[in-house]
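The structure appears right after this line, and notes come after that.
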Amino acid sequence: MNEKSFNLSKDNDDLDLKIFKHPDSIYDSFKRKGDANQKSTHYCAGCGHGILHKLIGEVMDDLKIQDRCVMISPVGCAVFAYYYFNCGNVQTAHGRAPAVATGISRAEDNSIVMSYQGDGDLASIGLNETLQAANRGEKIVVFFVNNTVYGMTGGQMAPTTLIGEKTVTCQNGRDPHYAGYPIHMCELINQLEAPAYIERVSLATPNKIKLAKRAIKNALTIQKEGKGYCFIEILAPCPTNIKKNALETENFLEKQMEKEFPLGNFRNRYSQLETIKRPDSDFSREKLDEIFNVDRSDTTNYTYDDNLKTLKIKITGFGGQGVLSAGLIIAQAACSEGKHVSWYPSYGPEQRGGSSNCSIVISGSTIGTPIIDETDILIALNKHSLEKFADDVKKGGIIIYDSSIEGFEAPEGVRAIAVPSVKIAKEYGNSRTSNTALIGVLMELEPILSPQSYENAIKDMFASKPKVIDMNIDVLNAAAKWIKR
Amino acid sequence: MSNQIVKGNSAVIIGAMYAGCDCFFGYPITPASEILHEASKYFPMAGRNFVQAESEEASINMVYGGAATGHRVMTASSGPGISLMQEGFTYLAGAELPAVIVDIMRAGPGLGNIGPEQIVKGGGHGNYKNIVLAPNSVQEMCDLTIQAFKLAHKYKNPVVVLADGTLGQMAEPLKFPKKAIKPEIDNSWAVRGNKQTMQNLVTSIFLDFNKLEEFNYKIIEKYKKIAKNEVIVDKYMLDDADIVLISYGISSRIARSAVDKARQKGLKVGLLRPITLSPFPEKEVKKLADKGVIFLSVEMSEGQLLEDIQRIAERKENTYLINRLGGNLIELNDIMNKIYEISGIEIKESNLKHDENNNIKYY
C-alpha cells in the first residue's frame with residue numbers, strides 16, 4: 001500500500017477485453033472428474049473458486065507460461081483443482097503446500113509453482129509452512145482464498161472468520177474472548193523481508209475481479225522471470241457455508257470482509273529484483289572425487305590376515321585434549337595399510353572439559369563389535385580416566401600415560417609406562433601435541449602399523465593445517481626414540 | 001586415497017551424492033544432525049539443493065514436492081522427527097513417489113534418548129509399507145543409501161535407511177563408490193513444469209471406494225513383488241548352527257562377536273542378519289525354523305524382532321530374547337551368558353566394569 005503500484009506491461013488494456021472462450025490453460029472438458037457432467041465444475045453455485053481458476057488460467061495463457069506451470073491442489077474444496085488446470089498438477093497434504101512447492105521449485109528451477117490454498121489450510125494448520133516459505137523467498141506464488149470458513153469439511157470456523165460470524169463451530173458467532181480475532185495474512189507476511197509481491201483482492205464485483213486479474217498477472221510475471229515469492233489473498237464468496245443468497249453474499253464481501261481485510265497492494269518489488277538463478281547439479285564422478293579428495297590411483301584393499309591378532313586400543317582424557325583425533329590418526333594409519341579398523345567415540349554433553357574417550361579396534365578380519373570389552377592398550381591423558389579405565393586392561397596389556405600423573409599403581413600383570421609426553425611435546429612442538437607423543441610410544445611398542453603409516457595419517461589429518469604437520473611428526477618420532485632408550 | 005576413515009553419518013551423504021541425489025531437505029535433531037551438516041556442506045559444492053526446513057513436517061513435504069518432479073531427494077531424522085514425518089510417509093506411499101529417508105533411531109517413547117528402538121514398516125495411516133534397509137557398518141551406511149535410491153525409484157516407494165547413533169558416530173574405512181550416478185528422470189509420471197510432463201498428476205485421493213480398493217490391491221501387489229525380489233540377508237556361520245542369533249544394525253555387530261566367541265568355545269552358533277527389515281527375510285527364517293534351530297533375537301527393542309521370528313517360525317518354543325532398552329547397547333557378555341544358558345553350560349562371563357563406556361551420550 002505504501003509502495004507505488006505500477007503497470008508491469010504496456011498492454012494492460014487487454015484487461016478490458018471481454019473473453020468468451022475458456023483459456024487454454026483450463027481444460028475444455030473435465031475428464032478427471034470422472035462423472036457424467038464434464039463441462040461444469042464440482043464447485044457450488046456462487047463459489048469463488050471457479051472465477052479464480054479462470055482468472056489464473058487466462059493469465060497463464062497471456063504470459064505463455066502454461067507448460068512451465070505446476071498447480072498445487074491443497075486439502076479443501078480446491079483439492080480437485082487438478083480437474084481443471086491444464087498443466088502439471090500435484091495434490092498435497094493439509095497445510096503443507098508451501099513446503100511441497102519449495103521441493104518442486106528447488107528441484108526444477110525453471111518451473112512456475114502455484115500454491116493454491118484456503119484459509120484453514122494456509123492460516124491454520126499450514127501457518128508455519130506459509131510464513132517460512134515466504135521468509136525464504138521461495139520462487140512460488142501463493143493464491144490464498146479467504147472465504148472466512150472451512151468449506152469442504154462443512155463450514156467450521158476458520159482463522160479468518162469475522163467477529164460475530166456464525167459457523168457450525170461458533171454457533172453464537174465468533175467470540176474473540178474464546179476464539180481470538182481474524183488473522184490478517186497479507187499484513188503478517190508484509191512483516192517479512194523476502195517476499196517480492198503482496199496484494200489483497202476481492203471477487204465481490206466485476207470491477208474488483210478485473211483488479212484481481214491484474215494482481216495475478218503481476219505475480220505470475222514475477223514468477224515467469226524467477227524473481228521470488230508472491231502472495232495474493234483473494235476474498236472469495238462461499239454462499240453455501242455462510243448461508244446467504246447471491247446479493248447477500250456480495251454484501252457480505254464488500255461490507256464486512258473488505259472492512260476487516262482492506263484491499264490493496266502491500267508490496268511490489270518487481271522492478272528492484274533480479275532473477276534468482278540456481279546452479280545446475282553436477283553429477284560427475286570427477287566433481288565428487290574432487291570434493292571428497294578421492295584418489296582413484298590408490299588401490300589399497302582390505303587384507304585378510306588370520307595371524308594378525310586383534311588389537312584393542314582405548315584412548316581417554318578430557319574433551320579438548322585431542323583424545324578423539326589421536327584415535328583417528330591410529331585408525332587412518334590402519335586404514336592406509338588395508339587393515340580392518342573401527343573407531344568409536346564416547347563423550348559427555350560438554351563441548352570441552354568433559355570426559356572423552358574412543359575405542360580403536362584393529363584386526364586382520366571383519367570386526368564385530370567396535371566396543372572394547374578387554375583393552376590391550378590404554379592411553380590415558382588424565383588421572384581421572386586413567387584410574388577409571390585401568391581395570392579394563394587385560395593381563396599382559398599396556399597402559400601409556402603422562403608422567404605428570406602421580407600415585408598411579410598399575411593392576412597386576414599390566415605394564416604401565418609413564419611418558420613425559422608434555423615435556424617431549426613442548427620440546428619438539430607445543431603442549432597441544434602431547435597426545436601425539438603418546439601415539440609415538442604406542443608406535444614403538446606395538447609394531448602392528450608402520451611408522452610411515454602414522455606419518456601419512458598425520459599428514460591427512462592436518463591437511464587443512466599444514467603448519468602443524470612437521471611439528472607433530474617430530475613429536476611422534478621423538479617420543480618413539482624416548483621409549484626405545 | 002580411495003579408502004578413507006569416515007564417520008557413518010558422513011558416509012550417508014557420500015552415498016547419496018554418488019547416487020545422484022539432487023535435493024536434501026532436513027531439520028536438526030540429535031543424533032541425525034551430522035547428516036544435515038554434511039549435506040549443507042557438500043550438496044552446494046556440486047550445485048545440488050539443500051534446504052534447512054522449518055520442521056520435520058516441512059522437510060518430508062519438501063521431499064514429497066522434490067520427489068514429485070522425479071528427482072532423487074532425501075531427508076534424515078530421528079525418533080520424534082520420524083514420528084512427525086509419518087504423514088509425509090503415507091502420502092509418499094499413496095502418491096507412489098520415490099524418496100529416501102534416513103532414520104538415525106532414538107529410543108522412546110516421547111523425547112526418549114538415542115538408541116535403536118524403531119522399525120519403520122509403516123507408521124502412518126493406510127495399508128502401505130516402506131522398504132527398510134538396516135546397515136551395520138560405515139561402508140553399508142554409504143552402500144545401502146545408494147541401494148535405497150535404486151529401490152525407491154524402481155518401485156516408486158519411500159525407502160528408509162534405518163541406522164542408529166552408534167553407526168552414525170563410529171568411523172571405519174570407507175571404500176568410495178566406483179560410479180557416480182547421473183539419474184534419468186522418468187517423464188512418464190513426474191511433474192516437472194515442462195511440456196513433456198504437463199499432463200501428469202501426482203495425487204493420492206480417490207473419491208470412489210472401489211477405485212481406492214483397486215489402488216490398494218495394486219500397491220499390495222507391488223509389495224509382494226518387492227518381497228519376492230529385494231530381500232537381502234547376511235549369513236554368518238549358519239550352515240551347522242544349532243543356535244541362530246537374529247539381529248540387525250549395531251546389535252548385529254555385537255552378535256557377530258558373540259558368534260566368534262561361542263565358536264572358540266566349540267558351540268555351534270551362527271548369525272542371520274536381515275539387511276532388509278521390510279521386506280523381512282521370511283524364507284530364510286522359515287528354512288532355519290524347519291531345521292529346528294534355536295532362535296535368539298538380539299535387539300534393542302522389546303521383542304519387536306522376536307515377534308516376527310515367532311510368527312514366521314510358527315512356534316514360540318526355542319525362541320529367546322536378549323535385549324536392552326532405553327538406548328543401551330547390549331553387552332557381548334550378556335549375549336554370551338544367554339547362549340551358555342540356552343546350551344545348558346555353566347559359565348558366567350562378567351560384565352564390563354564401566355557400563356557408560358558403551359554409550360555415546362547425547363542430551
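Reminder, nothing fancy here: chain letters follow the sequence lines and each chain counts from 1.
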*To the nearest 0.5 Å, how far apart are CD in A/Glu108 and SG in B/Cys23?*
9.0 Å
_B/Leu332 portion near chain A, given a 4.5 angstrom heavy-atom threshold_ = side chain
*Kindly indicate whether the side chain of B/Pro173, heavy atoms from C-beta on, has any atom under 4.5 Å from the side chain of A/Val341.*
yes
*Heavy-atom pair count under 4.5 Å with chain B, highest-scoring of A/Val100, A/Asn110, A/Ile72*: A/Val100
*Choice from B/Arg192, B/Gln196, B/Glu57, B/Lys179 maximising heavy atom contacts with chain A below 4.5 Å*: B/Arg192
_Please classify the contact of B/Tyr91 with chain A as side chain, backbone, both or neither, using a heavy-atom distance under 4.5 Å._
side chain
_Evaluation steps, side-chain contact (heavy atoms from CB on, under 4.5 Å), between A/Trp343 and B/Ile5_ = CA-CA 9 Å; A/Trp343 171 94; B/Ile5 284 285; 5.5 Å; no
_Could you tell me if the side chain of B/Phe43 sits less than 4.5 Å from the side chain of A/Ser281, heavy atoms only?_
no
*Taking atom types as modelled and ignoring hydrogens, do the side chains of B/Gln4 and A/Asp460 form a donor-acceptor contact shorter than 3.5 angstrom?*
no
*Could you have a look at B/Gly66, B/Pro44, B/Ala190, B/Ala46 and say which one has the most heavy-atom pairs with chain A under 4.5 angstrom?*
B/Ala46
*Contact part of B/Lys41 toward chain A, heavy-atom cut-off under 4.5 Å: side chain, backbone, both or neither?*
neither
_Residue part contacting chain B, namely of A/Phe85, when any heavy atom lies under 4.5 Å_ = neither
*asked:* Could you tell me if the side chain of A/Ile371 sits less than 4.5 Å from the side chain of B/Leu329, heavy atoms only?
replied: yes
*Under 3.5 Å, side chain of A/Arg285 to main-chain N/O of B/Lys178, donor-acceptor pair present?*
yes
_Could you work out, with salt bridge (Lys or Arg N to Asp or Glu O under 4.0 Å) as the rule, every residue matching A/Arg32, not counting sequence neighbours?_
none
_Heavy-atom cut-off 4.5 Å, strictly under: side chain, backbone, both or neither for B/Phe50 against chain A?_
backbone
*For B/Ile181, is it the side chain, the backbone, both or neither that has a heavy atom under 4.5 Å from a heavy atom of chain A?*
backbone
_Using only atom types and a distance under 3.5 Å, with no angle test, would you say the side chain of A/Arg106 pairs donor to acceptor with the backbone of B/Asn49?_
no
_Engaged part of A/Asp280 at the chain B interface, taking heavy atoms whose separation is under 4.5 Å_ = backbone
*Leading residue by heavy atom contact count with chain B [cutoff under 4.5 Å; candidates A/Ile112, A/Val79, A/Val113, A/Thr366]*: A/Thr366
_Heavy-atom check, side chain of A/Asp373 versus side chain of B/Glu331, under 4.5 Å_ = no
*What is the distance from atom OG of B/Ser55 to atom CD of A/Glu129, rounded to the nearest 0.5 Å?*
5.0 Å
_Measuring only between side-chain heavy atoms, which start at C-beta, is B/Ile205 closer than 4.5 Å to A/Tyr82?_
yes
*Mind ranking A/Asn86, A/Val70, A/Asn301, A/Ile291 by heavy-atom pairs under 4.5 Å with chain B and telling me who comes out on top?*
A/Ile291
*Is A/Phe283 close to B/Asp22 at the side-chain level, that is, under 4.5 Å between some pair of heavy atoms?*
yes
*CE on B/Met198 to CE on A/Met71, rounded to 0.5 Å*: 12.5 Å
*Name the option with the most non-hydrogen atom pairs under 4.5 Å to chain B; the candidates are A/Gly327, A/Pro98, A/Cys87.*
A/Cys87
*Just checking, any donor-acceptor pair under 3.5 angstrom between side chains of B/Glu87 and A/His94?*
no
*asked:* Is there a side-chain contact between A/Ile104 and B/Tyr64 in this structure, where contact means two heavy atoms from C-beta onward sitting under 4.5 Å apart?
replied: no
*Counting only heavy atoms closer than 4.5 Å, note whether A/Asp109 contacts chain B via side chain, backbone, both or neither.*
neither
*Give, as side chain, backbone, both or neither, the part of A/Asp289 having an atom under 4.5 angstrom from any heavy atom of chain B.*
both
_Residue part contacting chain A, namely of B/Ala68, when any heavy atom lies under 4.5 Å_ = side chain
_For B/Ser257, the option from A/Thr369, A/Val361, A/Thr310 that meets side-chain contact (heavy atoms from CB on, under 4.5 Å)_ = A/Thr369
_Max heavy-atom pair count under 4.5 Å with chain A, selected residue of B/Glu172, B/Arg256, B/His71, B/Glu54_ = B/Glu54
*asked:* Quick check on A/Ile367 against chain B: is it the side chain, the backbone, both or neither that has a heavy atom closer than 4.5 Å?
replied: both
*Side chain, backbone, both or neither: which part of B/Lys7 has an atom under 4.5 Å from a heavy atom of chain A?*
side chain
*asked:* So for A/Ser284, is it side chain, backbone, both, or neither that comes closer than 4.5 Å to the heavy atoms of chain B?
replied: backbone
_Do B/Tyr42 and A/Leu288 make a side-chain contact, defined as non-hydrogen atoms from C-beta onward lying under 4.5 Å apart?_
no
*Is it the backbone or the side chain of B/Asp260 that comes under 4.5 Å from a heavy atom of chain A, or both, or neither?*
neither
*Contact winner vs chain A - B/Leu201, B/Val191, B/Thr203, B/Ile254, heavy-atom pairs under 4.5 Å*: B/Leu201
